[in-house]
Amino acid sequence: MKGKWKAVQIRVADKNAHLKKVYTLNIGSDFKLPGSDLTLKVETFLPHFVMEGTTLTSQSNDLVNPAAQLVIRENGKEIYKGWLFSLYPTAHAYQHPQYGFTLVDYMPAS
């Protein structure tokens, strides 16, 4: 799947300001969340996420169970590394005191 997808869209909910905004994050690139000390990075996108024992993989390039591995750093320190699932937004959702993160869309490479 590497090289087939270039970016994902993450909706960030600011719980304090009661605002939601969608950001496009290029896979493998750091993204500084405006107005915060957070940096987001999508390390991996799997369009058909499956777990086979301890192996995480994509069974196909079809959007069956889209998932993005997200790393969140605050002031340069890693505070979260885990998966966002578009079909199951509350599964393993990271609980930040101010922000919520949801995988909402995916962009294939041209």
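We're numbering straight along the sequence, starting at 1.
Taking a 4.5 Å side-chain heavy-atom cut-off between Ile, Leu, Val, Met, Phe, Trp and Tyr, the cluster of V22 extends to V104. The hydrophobic cluster of L19 has no other members, since no ILVMFWY side-chain heavy atom comes under 4.5 Å of it.
The hydrophobic clustering, which links ILVMFWY residues whose side-chain heavy atoms are closer than 4.5 Å, places F101 and V71 apart. In the hydrophobic clustering of this structure, V12 does not group with M107; members are Ile, Leu, Val, Met, Phe, Trp, Tyr whose side-chain heavy atoms approach within less than 4.5 Å, directly or through other members.
Each of L25, D105, T24 was scored for a side chain to side chain contact (heavy atoms under 4.5 Å, CB included) with I10, with one residue passing: L25.
By the side-chain contact (heavy atoms from CB on, under 4.5 Å) test, L63 pairs with W5, F45, P47, P66, Y106, sequence neighbours left out. Every residue meeting the side-chain contact (heavy atoms from CB on, under 4.5 Å) condition with E74, not counting sequence neighbours, appears here in chain and number order: D37, L38, I79, H96. Applying the salt bridge (Lys or Arg N to Asp or Glu O under 4.0 Å) rule to K21 yields no partners; only residues at least two apart in sequence or on another chain are considered. With sequence neighbours excluded, the residues forming a salt bridge (Lys or Arg N to Asp or Glu O under 4.0 Å) with E43 are K81, listed by chain and number. With sequence neighbours left out, the ring-ring contact (aromatic ring centres under 6.0 Å, His included) criterion links F85 to F49. Residues passing the side-chain contact (heavy atoms from CB on, under 4.5 Å) test with S29, sequence neighbours excluded: N26. With sequence neighbours excluded, the residues forming a side-chain contact (heavy atoms from CB on, under 4.5 Å) with V50 are H48, E52, T57, Q59, listed by chain and number. With sequence neighbours excluded, no residue forms a side-chain hydrogen bond (donor to acceptor under 3.5 Å, both in side chains) with S36. Contacts of Y94 classified as ring-ring contact (aromatic ring centres under 6.0 Å, His included), with partners at least two apart in sequence or in another chain: Y80.
Atom CG of L56 is separated from atom CE of M51 by 5.0 Å, given to the nearest 0.5 angstrom. A distance of 11.5 Å separates CG of L84 from OG1 of T90, quoted to the nearest 0.5 Å. Expressed to the nearest 0.5 Å, how far CZ of R73 lies from NZ of K32 amounts to 13.5 Å. For the atom pair Y99 OH and D14 CG, the distance stands at 5.0 Å (nearest 0.5 Å). With rounding to the nearest 0.5 angstrom, the CD atom of Q9 is 12.0 Å from the OG atom of S86.
Residues W83 and L103 are not in side-chain contact: their nearest non-hydrogen atoms beyond the backbone lie 4.5 Å or more apart.
Counting non-hydrogen atoms of neighbouring residues, nucleotides and ligands closer than 6.0 angstrom, the NZ atom of K20 reaches no more than 12 such neighbours.
Residue pairs that meet the ring pair (Phe, Tyr, Trp, His ring centres under 6.0 Å) test with at least one member in residues 9-29, sequence neighbours left out, are Y23-F31.
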